[in-house]
Amino acid sequence: MRSTRLAAALLAVLSATAHPAAATAAADYERLLNGAFDTGTADPWWSSAGVTNRVTDGELCASVTGGTTNPWDALIGQNGVPYETGQSYTLSFDAHATTAQNVVAAAGESVSPYRGIASQTFALTTAKQHFTFTFTSTLDFPDAGNGQLAFQLGGQPSDNTICVDNVSLIGGVKPPGGVNPNPTKKVQVDQVGYAPGLPKRATLVSAETTPQTWTLKDSAGTAVASGKSTPKGADTASGDSVHLIDFSSFDTPGTGYTLSVGADTSFPFDISADPIKKLRYDSLAFFYHQRSGTPIEAQYVGDEYARPAGHVNVAPNKGDNDVPCRADIACGYTLDVRGGWYDAGDHGKYVVNGGIATWQLLNSYERAVRTGDASAFADGTMNIPERANGVPDLLDEARWEADFLLKMQAPDGMAHHKIHDANWTALPTRPELDDQVRRLSATSTAATLNLAAVAAQGARLWRGIDATYSATLLTAARKAYTAAKANPAKLADPNDGTGGGAYSDDTVSDEFYWAAAELYTTTGDAAYRADVTGSPHYRAAGLNTDGFSWGGTAPLGDITLALAPNGLPAADIAAIKSAFATVADQHLAYMERMGYATPYEGADGYVWGSNSTVLNNAQVLALAHDFTGAAKYRDGVFEALHYVLGRNPLSTSYVAGYGEQAMRNAHHRFWAHQSDPTLPTAPPGSLSGGPNSFLQDPVAARLLVGCPVQKCWVDDIGAYSVNEVAINWNSALAWVTGWAAEQVGRPGCEVSYNAHRWHQGQTVNVTVKNTGKTAWAGWKLAFTFPGPQQITGGWSAHWHQTGHDVTATNLPWNHTVAPGGSVHIGFTASGSGADPTAFTVDGKACRTG
């Protein structure tokens, strides 16, 4: 954390400490990150109040407001700098100033008591000069500890700009990296909770080859269960030798349970359905926090996270209301692109990331309407300003981004790829304090198809809620799809990475398939159907264990075709559903071999945003459960959540606010407490990107050298390649936790379906059994006809059919179903067709018998 108190304290450090006096020869270990500023970003260099950092022509240039009294009144610096007591360090840098002035370079401690190590004054002129400074450390700080290197730039009467480059700190004898500073446990559990009635598993780190005795204790420390672990041996992904602990037989709800093996004890956890139900809404709250163009109000997020509207043309913002294209594009118009969600930890807004994130929220709602319980997303269920407007809150939140996507549509129907600051935004910078100009990048085929897909999907969902808005969305979707077909290979520039990520994608056949699937499902038009069935991705041909992402969207089209009624052949829909089960089986197969079961093998390494891959693959497992009713897929989803919430080799919950050792220091311009103690940490429900074995930022590269793939993560604000947040990662968390909350909301069920057919008709008797441990107080059965059957009459339930979708709800006399009890209902129907294969009761998939 930056500190003016540190800077003041360092003035008392005598220059006598600035000489080489190390007892051991120092190695050439570089201790600073991003000192050459070749990446175009200043991260992890921070600036104090009155100072703005900007990378210009490969230098870090700090604009300093004049009128300060002391040198330490204006600072730039870097935290987490390692120092070793008694070791020699040499600081070197190039620097110049618009107006000649003195600056102070200072090494020391970033937190109380703000001890100093060494400092020296340098006279800067308008010409670039090279400076060097050697000292011996009197303090000891490990990697990612409280060591700091700062430049004091204040004490000048007038504004000035100081530029530094090639900043290097060489010294010490301990090699950098290799250790994650978070403490780890030997007994790894989901730190949040295990749901009653579902499997409960943990991982023991142990090289022992024989089973070990485990003990489950309640919050009072009383043993309530015990057993033996199962040795599994070496686990490649984590680098650990592990055992499996299965304590599923214990099912008593409670809080503060712990698992112990010998002297080793896990973090505490609950046995309860409540945490996952709460996380369903906190994961969605992330999107309100990320809204651009509107104040984030304390009544919805609390005082700590409230902030004024960002990028609404109020100084110092330049605003998003009249944004031109980049100068090299010269599109000849400006767009009003206020609103939408900030994509990640910066202030950029990207159509291709906004597309999949919005789709995932809308799909979560559509799935709940068709096969689950949409009441969980009804008006008033979320803490947002629109919570009393008569529209489901999940749709309200999704509309905030959908409206932005519409604004990104150019006059010719194409969509601009992104909009963000002209240069990378300094860390930290609250959105309303961002003073950079905003620029539109070029239109792209991928962005245009994202707009077409989401707008078509939205038109379908808003049709019965807001017909005018539905029509607006469909018009934009049709226009975008037509424009994309006219420009089928306008790819995003992979070098457009200044001020925002490039998000380049050189294959867009998947986006064409996805958009066509959404448009066909919404309109039934033959032209869109032909594009769907003629695509190489048809019938889930593109679905595999790599999952889906913003750059691989074909499975999104498959999911829509499998869930929403359409006129495609029943055999083709069955093939799509079968593909989900096939891929889900592949996930389960390698999860069975893993020490920390998660649906992501990562044979070639864990990628940037690996946690979103885990959760998107968990969505595949969840849909396989929806389509088949098989409990093994449901259990796989919860295993994925257990990994994300703490049952992993780092003993860390990757979701802020959930678990005793949860992510705090997300890479974010506002949730930046690690850089500025006046700012908050990441809010509850925010998902870290997770392990990334490619170490694509300076902090990760310094701290995590040689890490096993599941250990390539650190909770550091500067480690953007492992600890950033993003809308498309949180949308995956929201989809999966929304689905999981449904599963724990109701005891188990089993459905028997017996049809007696005659020419052009059938009579069906259905038995619905409560296989859980508590009584049902009301129930709703749902299933989908694979053929053209139409219900003509029914008994013992209220029967309703929309297209292929059928629901049956209880009558007053069979409202309650005791554990082990059954209700017997039935109907008559016209038309032939195969039996439905998947059934739900109140959104929870049932076994078939």
Side-chain angles (χ1 to χ4, degrees), residues 41 43 282-292 340-361 364 397-398 400-401 404-405 417-421 424-425 427 431 446-447 450 454 492 497 499-505 547-553 556 600 606-619 644 654-656 663-672 682-692 694 696-697 700 713 715-737:
T41 176
D43 294 343
D282 279 347
S283 63
L284 288 170
F286 173 90
F287 296 93
Y288 176 66
H289 281 281
Q290 289 287 96
R291 286 189 188 185
S292 175
W341 301 317
Y342 296 120
D343 174 71
D346 59 278
H347 297 159
K349 298 185 289 189
Y350 307 82
V351 170
V352 294
N353 240 25
I356 187 174
T358 309
W359 180 91
Q360 216 154 19
L361 296 194
S364 183
E397 189 58 67
W400 191 263
E401 181 73 1
F404 162 74
L405 298 179
H417 204 68
K418 55 180 182 165
I419 177 259
H420 53 65
D421 287 351
W424 282 104
T425 316
L427 178 72
N450 270 260
V454 172
Y503 283 94
S504 57
D505 184 358
F548 54 87
S549 65
W550 66 265
T553 58
L556 309 187
Y600 181 36
Y606 271 39
V607 298
W608 196 322
S610 66
N611 280 341
S612 71
T613 304
V614 168
L615 291 166
N616 286 338
N617 288 341
Q619 183 175 345
V644 169
Y654 293 118
V655 180
M663 182 270 287
R664 290 172 49 85
N665 301 312
H667 179 78
H668 199 274
R669 265 58 177 184
F670 174 42
W671 309 330
S686 306
L687 176 70
S688 167
N692 174 6
F694 298 95
Q696 291 165 281
D697 67 75
W713 182 86
D715 191 12
D716 191 287
I717 193 171
Y720 51 82
S721 73
V722 301
N723 208 33
E724 194 165 19
V725 294
I727 53 176
N728 62 310
W729 301 343
N730 248 79
S731 63
L733 179 65
W735 197 104
V736 173
T737 56

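Ser688 and Trp713 make their closest contact through OG-NE1, 2.8 Å (heavy atoms, listed as atom of the first residue, atom of the second, distance). The heavy-atom pair separating Pro431 from Tyr342 by the smallest distance is CB-OH, 3.5 Å. Of all heavy-atom pairs between Val736 and Ala618, the closest is CG2-CB, 4.1 Å. Listed here is the closest heavy atom pair of Pro691 and Asn611: CD-OD1, 4.2 Å. Between Leu733 and Gly685, the shortest heavy-atom distance links the atoms CD2-O, 3.6 Å. The two residues Ala734 and Leu284 have their closest heavy-atom pair at CB-CD2, 3.6 Å.
Separation of atoms CH2 (Trp550) and CG (Asn353) is listed at 7.5 Å; rounding is to 0.5 Å. Expressed to the nearest 0.5 Å, how far CD1 of Ile727 lies from CG of Leu687 amounts to 13.5 Å. Distance check, rounded to the nearest 0.5 Å: CG of Leu427 to CG of Asp43 gives 4.5 Å. In this structure, the separation between CG on Asn665 and CG on Asp716 is 7.0 Å, given to the nearest 0.5 Å. With values rounded to the nearest 0.5 angstrom, Ser283 atom OG is found 10.0 Å from Leu615 atom CG. Note that OG1 of Thr737 and CG of Asp282 are 9.5 Å apart. Values are rounded to the nearest 0.5 Å.
Between the Asn616 side chain and the Phe548 main chain, a donor and an acceptor come within less than 3.5 Å of each other. No donor-acceptor pair under 3.5 Å is formed between the side chain of Asp343 and the backbone N or O of Tyr350. Between the side chain of Ser364 and the backbone N or O of Leu361 there is no donor-acceptor pair closer than 3.5 Å. When atom types are taken as modelled, the side chain of Asp421 and the backbone of Gly499 share no donor-acceptor pair closer than 3.5 angstrom. A donor-acceptor contact shorter than 3.5 Å is absent between the side chain of His347 and the backbone of Arg669. A donor-acceptor pair under 3.5 Å is formed between the side chain of Asp697 and the backbone N or O of Ser721. Distance alone, capped at 3.5 Å, places no donor-acceptor pair between the His667 side chain and the Gly718 backbone.
The shortest side-chain heavy-atom distance between Val352 and His417 falls under the 4.5 Å cut-off. Counting heavy atoms from C-beta outward, Trp735 and Trp359 have side chains that stay 4.5 Å or more apart. The shortest side-chain heavy-atom distance between Phe286 and Val725 falls under the 4.5 Å cut-off. Side chains of Val655 and Val644 form a contact here, defined as non-hydrogen atoms less than 4.5 Å apart.
Classification of Lys349 and Glu401 as a salt-bridged pair fails, no side-chain N sitting under 4.0 Å from a carboxylate O.
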For this session: List the steps and the verdict of side chain to side chain contact (heavy atoms under 4.5 Å, CB included) for Ile717 and Asn723.
Result: CA-CA 7 Å; Ile717 193 171; Asn723 208 33; over 6 Å; no
For this session: Would you check, one step at a time, whether the test side-chain hydrogen bond (donor to acceptor under 3.5 Å, both in side chains) holds for Glu397 with Trp341?
Result: CA-CA 10 Å; Glu397 189 58 67; Trp341 301 317; 3.0 Å; yes
For this session: Show the numbers, then the answer: is there a side chain to side chain contact (heavy atoms under 4.5 Å, CB included) between Phe404 and Ile419?
Result: CA-CA 11 Å; Phe404 162 74; Ile419 177 259; 4.0 Å; yes
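Around atom CZ of Arg291, more than 12 heavy atoms belonging to other residues, nucleotides or ligands sit under 6.0 Å away.
Using bins of under 30°, 30° to 60° and over 60° for the plane-to-plane angle, the ring pair Phe670/His668 lands in the tilted bin.
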